[in-house]
Amino acid sequence: QNPKTSAVVKQLVAEGNVKELQKYFGSRMEFGTAGLRAAMGAGISHMNDLTIIQTTQGFCRYLERNFSDLKKRGVVIGFDVRAHLSSGGSSKRFARLAATTFISQGVPVYLFSDITPTPFVPYTISHLKLCAGIMVTASHNPKQDNGYKVYWENGAQIISPHDKGISQAIEENQEPWPQAWDDKLIDSSLLLHDPYATVNKEYFKDIQKQCFHRNINKETNLKFVHTSVHGVGHKFVQLAFKAFDLSPPFAVPEQKDPDPEFPTVKYPNPEEGKGVLTLSFALAEKDGAKIILANDPDADRLAVAEKQESGEWKVFSGNELGALLGWWIFTCWKKHNRDTRAIKDVYMLSSTVSSKILRAIALKEGFHFEETLTGFKWMGNRAKQLMDQGKAVLFAFEEAIGYMCCPAVLDKDGVSAAVITAEMASFLATRNLTLSQQLKAVYDEYGFHITKASYFICHDPKVIQQLFDNLRNFDGRNTYPKSCGRFKVSGIRDLTTGYDSSQPDQKAILPTSKSSQMITFTFANGGVATMRTSGTEPKIKYYTELCAPPGNSDIEQLKKELDELVNALEKHFFQPEKNNLQRKTE
């Protein structure tokens, strides 16, 4: 019933444009553990009013089957700033349609009245003990995209088999229910609640449990610049600084207000490097700020840059900031927990493609470290299991600039990460140390962990499949490569097939998934390289790391060795020219 998408389809039918119609109606968006992510537009392959209604109807039926008290507890729905004029789609519109679906079935809905950061949805589930949550966001994807992210009652993103169950229920509930289109009905419904004020108060109260140096915060002369890259983060980071008694950061004026056009950046993704931070650098120079904090548009990720003595800006990688935050959060915990026996119940987590620096810190300090599969859905679920067993999960991170610094949110959270980073920097400044100097101190103490990650773009699933098939049949059928250029391969773990050469039974310990590609190579020189497909973008990613024991201070030699390994990996395993792969560009 959306006049804009209907008009598009009618026009194509009138023109007999089968090719375009095939694009719109050839295949339905696939619902996976990340929910949905696609461009907004007409047809079942896009995000629009109809596909949101169908998805929510399926999700509602699936929740009814799983929770006998769904109509008592209810669900939470949040949304970001995205909007698409030509199809009439927007995150707010999709959130209201989703709320309408649940309310029409007698399910209470906690619908945020305004834009919020993604982490507020998992926080609300845990805080109000709800059955599930939906966040309508496409995070840092291009402006035409949108997404539908789903959380379970434990406050973590869904994992299998829920994705398959929901997907099946969507197939069974495609015809819109009688009241599906009438979102005005919800405004007068007693089942509609607005959690905005409560959650804003309680969230900022909860993150203060991670504030350990209020007196330093009050007096620090350190200046910060913050950008929300046209997304939702500005207001919430300002409030977080206030909660920690820090002076507010300077906000990049051209980027602080929400704008679905993301007019000042090519990609609204701070992970893409310095291009997104150009305006932040300029403001920092003008106001004399030494540190830049950048959130992605839904404020669940954080990038950090620091001005060096040379005048250059250093943008920390996700692994480097993970090392700093892991060190900091453990240091704060240790200072406030004098009972040495408590350390046996302390855990930190990171994903298998992230740096193993936390493992090195854990080994030396005596706490537990675990790695999970890629993505916060795995870390959030594992953290909840550990917390239910009475363990303390202090920190989890992934190299894609995602950090969980606060147990009240079982997902990555760029708001709490921003203010905790600011407190860490303020504390270090009282010791005349910069973040960069402290990072070196961490590596000196626990061993250098040099990482390098990038990706190739490939829009042809057949080419991707062929590339990974070649690696599995490198020297004849079912044989993996024995070397990569001059680098000898000493171990292989394939989480698509479940093979792990390092295990006695050759079976991988981490869960396997046939629907995504992921192979990890260990090299005789101590290097590790993982190649995997992205769940949300047309990318083949790679992650490499060289770890040295403490005391090996020849960092330039380590960097050179890793650069050579990366070049060999690209040349021999990716073969970009042969496979027509597009390199990442700044």
Side-chain angles (χ1 to χ4, degrees), residues 31 33 35 52-79 94-114 116-137 148-170 172-173 177 179-180 183 185-203 205-206 376-377 380-381 383-385 387-388 406-411 413:
F31 189 96
T33 49
I52 290 292
I53 288 168
Q54 292 171 326
T55 301
T56 311
Q57 289 181 170
F59 188 32
C60 181
R61 287 288 177 259
Y62 185 74
L63 290 173
E64 285 168 351
R65 288 206 293 270
N66 279 273
F67 297 102
S68 56
D69 56 356
L70 177 65
K71 290 184 178 173
K72 203 165 81 192
R73 288 162 69 192
V75 299
V76 57
I77 302 175
F79 56 92
F94 294 161
R96 282 182 62 83
L97 286 169
T100 305
T101 300
F102 278 109
I103 285 172
S104 76
Q105 304 304 297
V107 178
V109 172
Y110 294 79
L111 173 67
F112 280 98
S113 53
D114 202 352
T116 58
T118 291
F120 277 30
V121 167
Y123 176 82
T124 305
I125 295 171
S126 303
H127 191 71
L128 299 179
K129 299 181 172 52
L130 306 180
C131 292
I134 298 163
M135 179 69 192
V136 184
T137 179
Y148 184 104
K149 200 172 184 180
V150 173
Y151 295 84
W152 203 242
E153 66 163 341
N154 62 357
Q157 287 177 58
I158 58 161
I159 50 174
S160 231
H162 294 313
D163 56 330
K164 292 176 184 64
I166 296 165
S167 193
Q168 185 58 43
I170 295 167
E172 293 161 6
N173 289 280
W177 298 336
Q179 295 172 305
D183 67 313
L185 289 176
I186 64 173
D187 295 321
S188 57
S189 172
L190 296 174
L191 293 170
L192 184 72
H193 309 279
D194 177 11
Y196 192 88
T198 312
V199 167
N200 262 298
K201 196 169 93 210
E202 296 301 321
Y203 170 86
K205 213 153 74 185
D206 269 342
F376 259 88
K377 61 189 175 207
N381 278 281
K384 183 71 171 100
Q385 282 176 346
M387 285 156 67
D388 287 347
C406 174
V409 176
L410 295 177
D411 198 10
D413 178 357

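Heavy-atom basis, side chains included; hydrogens, waters and symmetry copies ignored.
Residues meeting the salt bridge (Lys or Arg N to Asp or Glu O under 4.0 Å) test with K71, sequence neighbours left out: none. K149 pairs by the side chain to side chain contact (heavy atoms under 4.5 Å, CB included) definition with T118, M135, Y151, Q157, D300, D411, K412, not counting sequence neighbours. Remark: Q168 engages E172 in a side chain to side chain donor-acceptor pair (under 3.5 Å) (not counting sequence neighbours). Every side chain to side chain contact (heavy atoms under 4.5 Å, CB included) that A95 has, sequence neighbours left out, goes to I77, F79, L111, V136. Evaluation of the side chain to side chain donor-acceptor pair (under 3.5 Å) rule for N154 yields N381 as partners, not counting sequence neighbours. Taking N66 as the reference, Y62, W152 meet the side chain to side chain contact (heavy atoms under 4.5 Å, CB included) condition, with sequence neighbours excluded. Under the side chain to side chain donor-acceptor pair (under 3.5 Å) criterion, D194 pairs with S113, not counting sequence neighbours. Residues that satisfy the ring pair (Phe, Tyr, Trp, His ring centres under 6.0 Å) test with F31, not counting sequence neighbours, are absent from this structure. Judged as a side chain to side chain donor-acceptor pair (under 3.5 Å), and not counting sequence neighbours, S126 has no contacts. Under the side chain to side chain contact (heavy atoms under 4.5 Å, CB included) criterion, I103 pairs with V109, I186, S189, L191, L192, sequence neighbours left out.
Pairing each heavy atom of G74 with each of V107, the nearest pair is CA-CG1, 4.0 Å. Of all the heavy atoms in G380 and A156, the pair that sits closest is C-CB, 3.7 Å. Looking at every heavy atom in both residues, I52 comes nearest to A98 through CG2-N, 4.4 Å. Here the shortest heavy-atom pairing between A180 and L97 reads O-CD2, 3.7 Å. The minimum heavy-atom distance between L70 and C60, with the atom names listed, is CD2-O, 4.2 Å.
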- In sequence, state the C-alpha distance, the side-chain angles, and the governing distance for L128 and V76, and then conclude on side-chain contact (heavy atoms from CB on, under 4.5 Å). CA-CA 9 Å; L128 299 179; V76 57; over 6 Å; no
- Task: Step by step, work out the side-chain contact (heavy atoms from CB on, under 4.5 Å) result for L185 and Q179.
- Result: CA-CA 8 Å; L185 289 176; Q179 295 172 305; 3.4 Å; yes
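Sorted by first and then second residue, the pairs that involve residues 95-110 and meet salt bridge (charged side-chain N to carboxylate O under 4.0 Å, His left out), not counting sequence neighbours, are R96-D183, R96-D187. Annotation: salt bridge (charged side-chain N to carboxylate O under 4.0 Å, His left out) contacts involving residues 153-165, sequence neighbours excluded, comprise R73-E153.
L130 is not listed as a side-chain neighbour of V75, based on a closest heavy-atom distance of 4.5 Å or more. Residues I158 and F59 have side chains not in contact (no heavy-atom distance under 4.5 Å, counting atoms from C-beta outward). Residues F94 and T55 are not in side-chain contact: their nearest non-hydrogen atoms beyond the backbone lie 4.5 Å or more apart. Within the 4.5 Å cutoff, the side chain of P122 has no heavy atoms near those of the L410 side chain.
To the nearest 0.5 Å, atom CG of residue D69 and atom SG of residue C131 are 5.0 Å apart.
One side chain, T56 or Y148, offers a donor N or O that lies under 3.5 Å from an acceptor on the other.
Taking the six-membered ring where tryptophan is involved, the planes of H127 and Y123 are essentially parallel, since the angle between them stays under 30° and well short of 60°. Ring-plane geometry between Y196 and F112 is classed as perpendicular, the angle between the planes exceeding 60 degrees on a 0 to 90 degree scale with a lower cut at 30.
Between the side chain of Q57 and the main chain of W177, a donor-acceptor pair closer than 3.5 Å is present.
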